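Got a structure for you, written out below as structure tokens; questions coming shortly.
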Amino acid sequence: MSLLSLEAVSVCVDDRVIVRDVSLNINPGELHVIMGPNGAGKSTLLAAIMGLSHVRVCGGRILFSGVDITHFPSYERAKLGISLAHQVTPTFRGVRFLEVANAISSRFNTDWRTLASLLKVEDLLLRDLFSGFSGGERKRAELYLALLQNPRVALLDEPDSGVDIDTLRVLAELIDYIVFTQGTSVILVTHLGPILEKLPRITRAHIMVEGAIVYSGDPSHVIPVILKHGYTRGLEVFGGEGG
Ligand code: ADP
Ligand code: MG
């Protein structure tokens with residue numbers, strides 16, 4: 001039995017079908033990458049796995065350790081061990097980062113200091129959350145909060161966008177560590193090459209276009225083709241191969 005299974009999941013926002021018939025199986029300690037052009041539905045898919053209220057599963061089902069969580073609220077999913085680092089961080093006012101971090105780490109019984117040092121957010125912890133943070137600082141803070149929950153499945157939505165090259169290396173090393181040392185499962189959404197080149201052990205790569213996963217395969221095969229040719233021509237290269 002997989003840790004996380006999507007069985008022909010479709011996701012609607014209002015009455016529009018944004019994601020269609022996506023099936024995925026994620027086992028413990030696997031790193032899955034989802035790539036795809038802007039607007040493909042990647043963030044919507046992650047929102048549906050997390051159970052965010054602006055999206056609705058309008059077909060199929062989501063299983064976690066064999067339990068049907070399709071209609072669980074997001075806090076129940078967080079308790080089970082699913083966490084999401086958003087692509088665009090929400091805005092808070094007057095909430096100290098350290099207070100949020102302490103609340104999460106005491107609830108999930110995690111070591112906030114070590115992770116803070118790894119992600120270099122110690123100085124940020126003294127400030128109001130996300131307030132005046134640069135793009136890279138936001139990304140590190142968001143990832144910090146997601147990983148502080150010690151998740152069994154971490155959904156990382158473009159953690160690499162807008163971060164500098166040094167931070168990129170830190171992110172890649174951290175992702176590699178949580179997957180292959182801690183056994184956390186990760187779904188990483190990205191459409192940029194640099195982070196992928198720094199992740200030597202990706203389990204599987206999926207290409208999402210117009211709401212559907214149109215190709216899945218061996219990352220050492222899929223990623224170079226997409227990075228070289230882009231999605232449209234890359235998919236022609238794979239054409240009919242199956243995956
Ligand atoms: P990606 O993350 O792959 O760039 P998204 O999942 O953000 O794509 O968006 C997929 C499609 O769903 C887009 O056409 C987007 O406009 C639409 N969409 C996403 N969220 C909402 C929302 N809250 N309301 C209306 N449309 C949305
Ligand atoms: Mg997105």
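All values reported here derive from a predicted model rather than from experimental measurement. Counting starts at 1 for both ligands and their atoms, in listed order.
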Item to check | Contact atoms of ligand 1, heavy-atom distance to I18 under 4.0 Å | outcome: 10 (C), 11 (C), 12 (O), 17 (C)
Item to check | Sidechain-backbone polar pair: K198 side chain, V170 backbone, donor-acceptor under 3.5 Å | outcome: no
Checklist entry - So does T44 have any N/O/S atom less than 2.8 Å away from the Mg ion (ligand 2)? => result no
Checklist entry - Has S43 got an N, O or S atom lying less than 2.8 Å from the Mg ion (ligand 2)? => result yes
Checklist outcome for this item: Closest heavy-atom approach to atom 25 (C) of ligand 1 among V88, V19, V13 is made by V13
Next on the checklist: Using a 3.5 Å distance criterion without hydrogens, assess whether the side chain of E142 forms a donor-acceptor pair with backbone atoms of H86.
Outcome noted: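 Side chain of E142 to backbone of H86, a donor-acceptor pair under 3.5 Å: yes, one is there.
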Checklist entry - Any nitrogen or oxygen of R16, main chain or side chain, under 3.5 Å from a nitrogen or oxygen of ligand 1? => result yes
Item to check | 4.0 Å heavy-atom contact, G39 with ligand 1 | outcome: yes
Next on the checklist: Checking the N or O distance criterion of under 3.5 Å, is ligand 1 in contact with T44?
Outcome noted: yes
Checklist entry - What atoms of ligand 1 come within less than 4.0 Å of a heavy atom belonging to A40? => result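 Under 4.0 Å from A40, ligand 1 has these atoms: 1 (P), 3 (O), 8 (O).
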Item to check | Identity and distance of the protein heavy atom lying nearest atom 8 (O) of ligand 1 | outcome: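 Here the closest protein heavy atom is G41 N, 3.2 Å.
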Item to check | Expected output: side-chain S83 to main-chain A146 donor-acceptor under 3.5 Å | outcome: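 Yes: the side chain of S83 pairs with the backbone of A146.
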Checklist entry - Any protein heavy atom sitting closer than 4.0 Å to atom 22 (C) of ligand 1? => result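 It does; a protein heavy atom is within 4.0 Å.
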Next on the checklist: Check the orientation of Y144 and F97. Use parallel for under 30°, tilted for 30 to 60°, and perpendicular for over 60°.
Outcome noted: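 Perpendicular.
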Checklist entry - Is it true that D157 and K42 have a side-chain N and a carboxylate O under 4.0 angstrom from each other? => result no
Item to check | Min side-chain heavy-atom separation D15-R56 under 4.5 Å | outcome: yes
Next on the checklist: Whether the side chain of R61 engages the backbone of D68 through a donor-acceptor N/O pair (distance < 3.5 Å, no angle test) should be reported.
Outcome noted: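 Checked: no pair found.
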Item to check | atom 7 (O) of ligand 1: the protein heavy-atom neighbour that sits closest, reported with distance to 0.1 Å | outcome: S43 CB, 3.7 Å
Checklist entry - Can you find an N or O of N38 that's nearer than 3.5 Å to an N or O of ligand 1? => result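 Checking ligand 1 against N38, no N or O pair falls under 3.5 Å apart.
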